[in-house]
Number of protein chains: 2
Amino acid sequence: MNIDEILNNIYPLSDTSKQLLKKSITEVKYKKGYILLRADKIEKNIYFIKKGVARAYSNKDNIEITFWFGKEGDTIISMKSYIANQKGYENIELLEDCELYELKTTNLQKLFDEYIDIANWGRRFAEKELVKTEERLISRQVRIATERYKELLKDNPDLIQRIQLGHIASYLGITQVSLSRIRAEIK
Amino acid sequence: MNIDEILNNIYPLSDTSKQLLKKSITEVKYKKGYILLRADKIEKNIYFIKKGVARAYSNKDNIEITFWFGKEGDTIISMKSYIANQKGYENIELLEDCELYELKTTNLQKLFDEYIDIANWGRRFAEKELVKTEERLISRQVRIATERYKELLKDNPDLIQRIQLGHIASYLGITQVSLSRIRAEIK
DNA sequence: CTCATTTTTTATCATTTGTAAAATTTTACG
DNA sequence: CGTAAAATTTTACAAATGATAAAAAATGAG
């Protein structure tokens, strides 16, 4: 998934605006296991995943709780950093070797104030992330773990192949033992 | 909380833009128990709460699951309707007699395309809702019900007075009986 | 104020889920 | 290819939560 496609999927931009945005974007590569974002830092970049898989996790009583997975086309971002310029909740670990587009957000604010299509790009970006986040929240609230696992299996079968089950169990809000029980049951 | 304050808290608008927005806003009142939004409909309005409390719930196997509360200053919105023009998940029930500002969203899109400060107002609106939604998601993922109850008690003590415990238990993801046990324990 | 209705708490028992540890399978790498 | 390490599954037991029913308390209409 190349950067033009990713940017355009969010909101169509004029050539001028797209060039301005792309001025702040570079391509980077990191190895599996690399910690891209840290919860105790205010992040100045957001990343679009060209290739690879990542997870977000928080530490709670020395236990890592995974609450997000991202793959090709998804955005890696500390919302709190991006929106409120505050420390976020998430550590981001790359679960495969990754190729990423890195967008420096330092002069984004200025672009928002000057170019209406970039402002609307930023609006659309937040809106789309909002719908995704809301879906996750409601799925978590309304469905029990078994159903959420089946949902994940249906919507993202590749993730279950690419990500170890301990992380998936954490993401589903259950223990790995419970997930094993679920998997044994639905076979 | 009046409408100027609510609009300005999201993003400062020029007088012209504010007047344009306010053209689409009227004040409405509904009684306790009124169902303001329905899950099976695409909603054409969003509401800002001037006075009162509301909840969002979804039906799951004939059981209502509450996943949101709103009070003075909060926004009542079907995100799926607003952002994707699709049916949302939520029924919204007013839990008290309410005074609301009703914003018709039909010509909002046009305003976004024409006025940069309205585009940025829309961006900021989505961004702020996003941070709130993310906080709820992460709280739900990382904290157990007891802790979430204590968090609610700390951050919104008034809600626990104003909303019946069955709804709060549902919101916390536990049964009313469990919530009673928690309350008995922490006294 | 009183009585009926709704809401909340308590008690009991059944079920689910978690913890810990062992057994098995898969993966990584020399 | 073989071995060590990591990941996953299984088992047994303990703890937490849920379901149900019933009692107690609070609320509201007349």
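Residue numbering restarts at 1 for every chain, and letters A, B, ... go by the order of the sequence lines. No hydrogens, no waters, no symmetry mates; every other heavy atom, side chains included, goes into these values. Since the structure is predicted, the reported quantities are computational estimates derived from the model, not experimental observations.
Within the 3.5 Å criterion, the main-chain N or O of A/Val28 finds no donor-acceptor partner in the side chain of A/Glu99. Within the 3.5 Å criterion, the main-chain N or O of A/Lys110 finds no donor-acceptor partner in the side chain of A/Asn107.
Counting to the nearest Å, the P atom of C/dT19 and the CD1 atom of A/Ile63 are 7 Å from each other. Protein atom CZ of A/Arg162 is 16 Å distant from nucleotide atom P of D/dT8, rounded to whole Å. Atom P of nucleotide D/dT8 and atom CD1 of A/Ile168 are separated by 8 Å, given to the nearest angstrom. What separates CG of A/Leu179 from C1' of C/dT16 is a distance of 16 Å, to the nearest Å. Atom-to-atom, CD1 of A/Ile160 to P of C/dT26 comes out at 17 Å; the value is rounded to the nearest Å. The separation between A/Ile65 atom CD1 and C/dG18 atom C1' is 14 Å, rounded to whole Å. For B/Gln161 and C/dT8, the CD to P distance is 11 Å, given to the nearest whole Å. When rounded to the nearest whole Å, the span between CD of A/Gln176 and P of D/dA7 equals 9 Å.
Salt bridge absent: B/Glu96 and B/Lys32 never bring a charged side-chain N and a carboxylate O closer than 4.0 Å. We find that B/Arg124 and B/Glu127 are joined by a salt bridge, their nearest charged nitrogen and carboxylate oxygen being less than 4.0 Å apart.
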Task: Nucleotide-resolved protein contact map, nucleotides 15-21 of chain D, B/S/- at heavy-atom distance under 4.0 Å - done: --SBBB-

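Listed here is the closest heavy atom pair of A/Leu172 and A/Leu179: CD1-CD1, 4.0 Å.
Ring centers of B/Phe67 and B/Tyr57: at least 6.0 Å apart, outside the cut-off.
Between A/Arg183 and D/dT8, a side-chain N or O to OP1/OP2 separation shorter than 4.0 Å is absent.
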